[in-house]
Amino acid sequence: MTSLEEQIAQRQANLRELEALGVAAYPNRFDRRHTVTELVEAHGGQTGEQLEADRPETVASGRVLGIRSFGKANFLVLSDGREQIQAYIRQDSLPELDFKIFKLLDFGDWVGVAGRLFRTRTNELTIWASRLHFLAKCHLPLPEKWHGLTDIEIRYRQRYLDLAVNPESRRVFEVRSKVVSAIREFMTARGFLEVETPMMQPIPGGALARPFVTHHNALDMELFLRVAPELYLKRLVVGGMERVFEINRNFRNEGISTQHNPEFTMMEFYQAYVDYQQLMTMTEEMIGTVARQVLGTDRVTFNGREISLAAPFSRISLREGAREAASRRLGRDVAADALRSREAAAALATELGVAVDPKAGAGRIATDLFERLCEDRLVQPTFVYDFPTEVSPLSKQCTDDPDTVERFELYIGGFEVANAFSELNDPAEQRRRFEAQLEERAGGDLEAHHMDEDYVRALEYGLPPTGGEGVGIDRLVMVLTGSPSIRDVILFPLLRPASARADRAASGEGHTS
RNA sequence: GACCUGGUAGCUCAGUGGUAGAGCAUCUGACUUUUAAUCAGAGGGUCGCGGGUUCGAUCCCCGCCCGGGUCACCA
C-alpha cells in the first residue's frame with residue numbers, strides 16, 4: 001500500500017470504529033452557539049482572570065487542523081476557515097464515549113465542542129471541552145500544517161483545500177465579497193437601480209471582443225455569451241431608467257493571463273445627464289470610498305509598490321501620453337500632430353519599433369503606441385482620457401474634435417481597471433460607426449461589432465445625454481488584496497482539465513483490475 | 001501562439017548515470033496546560049507520461065501532458 005492508500009484506509013477504519021460505538025457518522029445538524037471567529041473576537045482580549053470570573057460557556061464547531069496528544073490531556077485545534085481556537089480535551093472532563101471519539105479523530109474531521117473558555121498556562125485562549133461531537137469525516141489526508149498548501153495548481157483546482165488550510169486565501173475572497181457589497185451600497189445610495197440584462201445574446205455587442213457561441217435547442221438559435229451588458233443597459237436609459245447598474249459576468253473568448261480570465265466580473269453603470277468628466281470624479285470617489293470601507297485605508301501595496309487610492313487621481317490625455325513617451329524614447333520632441341495623420345503616426349510607430357497594422361488608422365496607431373509605451377508605467381491611479389474615435393465605436397465625439405471621443409480608462413497597478421465614456425446618442429452617427437465596424441469584420445477583425453438594428457432604433461427613440469462606465473471587479477480586487485494574478489481573486493479560475501489519470505490519483509480512486 | 005521555467009512520498013522540499021532522501025503527516029509505544037509538543041521505533045515512491053541513448057536512466061536526448069512567468073491578443 002502506498003502512503004496515501006494507507007492513510008485513507010486508516011481514516012476509514014477510524015470511521016468504522018466510531019460507527020461500532022454507535023456514533024452517527026454523518027449527523028444531520030449541529031446546534032452551534034458561536035463560530036470560532038466570534039469566540040476569538042469576543043474573548044481574544046480577555047485575560048485568564050476575567051475568563052475565570054465570567055466562565056463563558058460556548059458550543060463551537062469547525063475542522064480539526066491540529067491534534068496534540070499527551071495521553072490523558074489533549075489539545076484540538078479547531079478552525080472555521082478564518083480563525084482558530086484550541087479545545088482542551090481532558091479524559092476526566094468529558095463523557096467516556098466523547099473521549100473515545102477524540103481518540104478516533106483524524107486531521108480534517110469536522111467536530112463540535114461544548115465547554116467553557118479559559119486560558120492555559122501558556123496564555124492560549126482555549127475551550128475546556130465538556131462534550132465532543134463528531135460531525136463529518138475527512139477521508140483524505142490534508143496538506144501539511146506548517147507550510148500549508150503552496151502548489152498553485154492544486155490551490156486553483158481544489159480551492160476547497162486552499163480555503164481549508166490557507167486563511168490568507170479565505171481573506172482574499174472575503175475582501176472580494178465586501179468590495180462588491182460596498183460598490184452596490186455606493187451605487188444604490190446615489191439612486192442607481194440594480195438590474196440584470198441578458199447573458200445570452202443573439203447579437204453580441206458593447207465591447208470589441210470575440211464571444212463564446214452557444215445554441216438554444218427549442219428555438220434552434222445561435223446565441224452568444226455576452227461580452228458586455230452595455231447595449232442593453234443603454235436601452236434601459238432610453239426607457240427612462242436614468243441611473244442603472246449591473247454587477248455580473250462577461251465572457252470573452254480570448255487568451256488567459258495574469259490579468260485575463262475568460263469569464264470576469266464587471267460593474268457597469270449608466271447615468272443620464274452626466275459626461276465623462278463627472279464620471280472621473282465619481283470614479284475616484286467610489287474607489288477611495290470602497291478601499292476605506294473594506295480595508296480601512298486607501299493605501300495599498302501592489303507588486304512591491306505603494307499605491308494611494310485617495311482622490312484626486314492623475315489625468316493624462318492618450319495622445320499627450322503617447323507623445324511624451326515617444327519623445328522620451330527618441331530623445332527629441334515629437335510634435336503634437338504626429339499622431340493625427342495616418343502617415344506621420346505610422347512613421348513614428350515604425351521608428352519606435354512598434355508594428356503597424358496596415359488597416360490601422362492614425363487613431364489605432366496612437367492607441368497602440370500608448371499601450372505599448374505607457375500602460376505598465378501607470379501604477380498610481382491615472383485617468384487616461386480622450387481616445388481616438390476610431391477605437392471607440394460607442395463613444396461620443398468631443399464637440400470641437402470629431403477624431404476624438406469623450407472617453408477615459410482608469411489605470412491602477414499597470415493595468416486597466418475601468419473604461420468610461422460619454423455615450424454616443426446620435427442614431428445616425430451610431431449607424432455609421434456600426435457600418436465602419438462591419439467593414440472591419442469583413443476585413444477579418446473578429447472582435448469588431450455586429451450591426452444591432454434594435455439598438456439603433458432605441459437611439460432613434462432618444463437617449464438623453466448619458467455617461468457610462470465599466471469597472472473590472474476582479475482587477476480592482478487584485479489591487480485591493482495585493483494579488484498579482486487574477487486567478488488569485490477568482491474562486492475557480494478556468495484551467496485546462498487535468499488528465500483523467502491525475503484526477504483519479506488526486507481523488508484517491510485506484511484501478512481495481 | 002512563441003520563449004523561459006517547473007512536475008521526486010499525502011504535504012513542503014533536497015538529490016544522484018549504479019537498489020531513492022529529509023521534515024511534517026501515517027502506524028506502534030511513552031507522556032494530565034501543549035504551541036510546528038517531545039522522545040523511541042516502523043511503514044510508505046511506476047522520481048508527470050511515452051519513446052530513445054546506455055551494461056544500467058529519476059538524472060542525458062526527443063516528443064507529449066499539466067502548471068507558473070514573460071511576450072503577443074485583450075478588460
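Here is the naming used below: chain letters follow the sequence lines, and residue numbers restart at 1 for every chain.
Rounded to an integer number of Å, the gap from A:Ile67 CD1 to B:U32 P is 18 Å. Rounded to whole Å, the distance from CD1 on A:Ile8 to P on B:C27 is 13 Å. Rounding to whole angstrom units, CH2 of residue A:Trp146 and P of B:C13 are separated by 14 Å. Between the C1' atom of B:C24 and the CG atom of A:Leu149 lies a distance of 14 Å, rounded to the nearest Å. Rounded to whole Å, atom P of B:C11 lies 14 Å from atom CG of A:Asp162. Rounded to an integer number of Å, the gap from CG of A:Leu142 to P of B:A25 is 13 Å.
In the set B:C11, B:U34, B:U26, the nucleotide with an atom closest to the side chain of A:Arg121 is B:U34.
By the stacking rule of 5.5 Å between ring centres and under 30° between planes, A:Phe70 does not stack on the base of B:C31.
Below 30°, between 30° and 60°, or above 60°: for A:Phe70 and A:Phe75 the angle between ring planes is above 60°, a perpendicular geometry. By the 30° and 60° cut-offs, the orientation of the rings of A:His450 relative to A:Phe224 is tilted. Taking the six-membered ring for Trp and thresholds of 30 and 60 degrees, A:Phe118 and A:Tyr88 have ring planes inclined between 30 and 60 degrees apart.
Phosphate contact (OP1/OP2 of B:A25, side-chain N/O of A:Lys145, threshold under 4.0 Å): present. The shortest distance between the side-chain N/O atoms of A:Arg372 and the OP1/OP2 oxygens of B:A72 is below 4.0 Å. Phosphate contact (OP1/OP2 of B:U33, side-chain N/O of A:Arg90, threshold under 4.0 Å): absent. Distances shown here put every side-chain N or O of A:Thr2 at or beyond 4.0 Å from the OP1 or OP2 atom of B:G44.
On a pure distance criterion of 3.5 Å, no polar donor-acceptor pair joins the side chain of A:Ser3 and the base of B:U26.
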